[in-house]
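Each remark here refers to the structure printed beneath this line.
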Amino acid sequence: MSEDGRRSGERLHCLVTGASGYVGGRLVPELLEAGHRVRCLARSPGKLRDHSWARDAETVRGDVTEAASVASAMRGIDVAYYLVHALGTGSGFEDRDRRAARIFAEQARIAGVRRVVYLGGLTPRGVAERDLSPHLRSRAEVGRIFLEGPVPATVLRAAVVIGSGSASFEMLRYLTERLPVMVTPSWVHTRTQPIAIRDVLRYLVGSATMPQDVNRAFDIGGPDVLTYREMMGRYAAVAGLPRRLVLPVPVLTPRLSSHWVGLVTPVPASIARPLTESLRHEVICHEHDIAAHVPDLPGRPLPFDEALALALRRVREAQVATRWSSAGVPGAPSDPLPTDPDWAGGSLYQDERELPVDADRQALWKVIEGIGGDNGWYSFPLAWAARGWLDRFVGGVGLRRGRRDAEHLRVGDSLDFWRVEEIEPGHLLRLRAEMRLPGLAWLEMYAETDGAQRTRYRQRALFHPRGLLGHAYWWSVSPFHAAVFGGMARNITRAASRGGSARAGVPT
């Protein structure tokens, strides 16, 4: 990837939107390695601060739907990457996508940007745009806006992206691993052309140096054309699993099958639905013209089996750089913490616990930073599981998102149905709730030292209710707080004293 940039010998100033997402978070270090300067546009710049590349890239606050912030971010930019998608959002996302793309294209013109690069979806040939799924239709429209805009554009169109942490890969992985016998929708027979994330990034980086007269879309895909059923079979073989039995059922609609995917995999139905809807039609590449501008390297694009093997290796070695859940959940709360100086006030419920720890602060911090995922939440695993299932039932993210890394967290990471809002290494972990709630919720865990230099654990749960339902919710669950939050505090301190982590099944 970086070879393309070095070959051109041109150092460009690149703007990357969506840097907190799956592709954007991986593109930034590739552009830097290619010798380019990078500026990231993010609504919450703090989410990017713990990435390994954060010190080498500039980050500015802004939103693609706000012309002023886009204009500011575009100053001095040569190439602007648009990697923002409304995947998993509610009604009205097509209007938001359309408005944001038009703002981006116009501000690129005003700033004198040389090229816009957009990663969209591969659309089926011969199918009218009105017959496409809403998300695929919106991606096609955004691509068209850029191609018809005032700045030369490169629109890359990909189908299934295979890489550690991608939504498509995790959907495939969990369906295949968890269900040796599967009753599946008819779309498992639809052909598609998957592509490795490494090749997507290579094409994105190479697009920066395309000639000025290039203004077009390119189909990008790997060398294999497969049905989803064949992909599951290949996954089982690469992962060393027994052969899977697949029984297609034509009555499962994309809506029903997205809920089925949401039950079996960590990918919630809101994100699974656009992924499954895109599999209704055959999506394969009808040209490989991208090779004229980003030449194929030996063995590239990667074959499907090799892309799977690489993704699995990253997962097993806990080296997943970004995940599909890296981006924030659309509609999730972003209000300030109620204890912030600029908080507007109102009701605030708190549950605070503090206990001594027979261990040093570092041992306690190791347990705190390792919470969630396979380690569980240190009290009433059945209750936490039930809360996760309830959240899934009402359309939330549930507990299955787990962790990106088994030991280390960074700001912006998803953690089951929480998101890491703040980390002060060795001292504070603050989580913001992303489950469906009638209010805003945070969970804070502190590793502290008292005046006698003894280690203490402090835990604080905060809830800011919305309306009468929010107050009723808090009082309905408060009888269980002594067991749930009290048990969590006791088990965390016990785990720290033992010098290890507690599994989800630790009793209170």
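Along the sequence shown, residues carry numbers from 1. In this text the structure is predicted, and so the values were computed from the model without any measurement.
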ring-ring contact (aromatic ring centres under 6.0 Å, His included) against Phe169, all qualifying residues, sequence neighbours excluded: none
Less than 4.5 Å apart, side chain to side chain, heavy atoms only: is that true for [X] and [Y]?
X	Y	result
Trp418	Leu443	yes
Asp56	Val38	no
Leu302	Asp199	yes
Leu41	Met74	no
Tyr235	Leu312	yes
Phe304	Val238	no
Val161	Pro194	no
Val151	Arg114	no

Okay, side chain of [X], backbone of [Y]: is any donor-acceptor separation there less than 3.5 Å?
X	Y	value
Asn215	Ala153	yes
Arg61	Arg43	yes
Tyr81	Leu204	yes
Glu282	Pro124	no
Arg191	Thr227	no
Thr176	Leu172	yes
Asp224	Leu226	no
Arg115	Val214	yes
Gln193	Val225	no

Shortest non-hydrogen contact from [X] to [Y]?
X	Y	result
Gly24	Leu83	CA-CD1, 3.7 Å
Ala236	Pro242	CB-O, 3.9 Å
Ala307	Ala196	CB-CB, 3.7 Å
Val205	Ala34	CG1-CB, 4.0 Å
Asp416	Gly373	OD2-N, 3.0 Å
Pro223	Pro303	CG-CA, 3.6 Å

What is the distance from atom [atom1] of [X] to atom [atom2] of [Y], rounded to the nearest 0.5 Å?
X	Y	atom1	atom2	answer
Arg229	Thr190	CZ	OG1	12.5 Å
Ile423	Arg49	CD1	CZ	7.0 Å
Ser164	Leu308	OG	CG	11.5 Å
Glu170	Tyr22	CD	OH	9.0 Å
Ile220	Leu119	CD1	CG	6.0 Å
Phe218	His293	CZ	NE2	4.0 Å

Ion pair Arg419/Asp413, N-O distance below 4.0 Å: no
Pair Arg139 + Glu94: basic N to acidic O under 4.0 Å: no
Qualifying residue, where the test is side-chain contact (heavy atoms from CB on, under 4.5 Å) with His13 and the options are Asp78, Val113, Val79: Asp78
Sole residue of Arg99, Arg98, Glu106 in side-chain contact (heavy atoms from CB on, under 4.5 Å) with Arg102: Arg98
Derivation of the side chain to side chain contact (heavy atoms under 4.5 Å, CB included) call for Thr192 and Tyr228: CA-CA 7 Å; Thr192 188; Tyr228 205 85; 5.5 Å; no
Indicate whether the side chain of [X] and that of [Y] have a donor and an acceptor atom separated by less than 3.5 Å.
X	Y	result
Asp296	His288	yes
Arg216	Thr154	no
Ser138	Asp97	yes

Working for side chain to side chain contact (heavy atoms under 4.5 Å, CB included), residues Cys40 and Leu48: CA-CA 9 Å; Cys40 301; Leu48 305 180; 3.9 Å; yes
Parallel, tilted or perpendicular, as decided by the 30° and 60° cut-offs, for the rings of Phe146 and Phe104: perpendicular
Side chain to side chain contact (heavy atoms under 4.5 Å, CB included) between Glu369 and Leu429, intermediate numbers included: CA-CA 7 Å; Glu369 193 176 12; Leu429 173 63; 5.8 Å; no
Candidate pair Thr59 and Arg39, rule side-chain hydrogen bond (donor to acceptor under 3.5 Å, both in side chains), full reasoning: CA-CA 6 Å; Thr59 301; Arg39 177 185 296 158; over 6 Å; no
Residue pair Thr123, Arg137: steps toward the side chain to side chain contact (heavy atoms under 4.5 Å, CB included) verdict: CA-CA 8 Å; Thr123 53; Arg137 182 171 63 239; over 6 Å; no
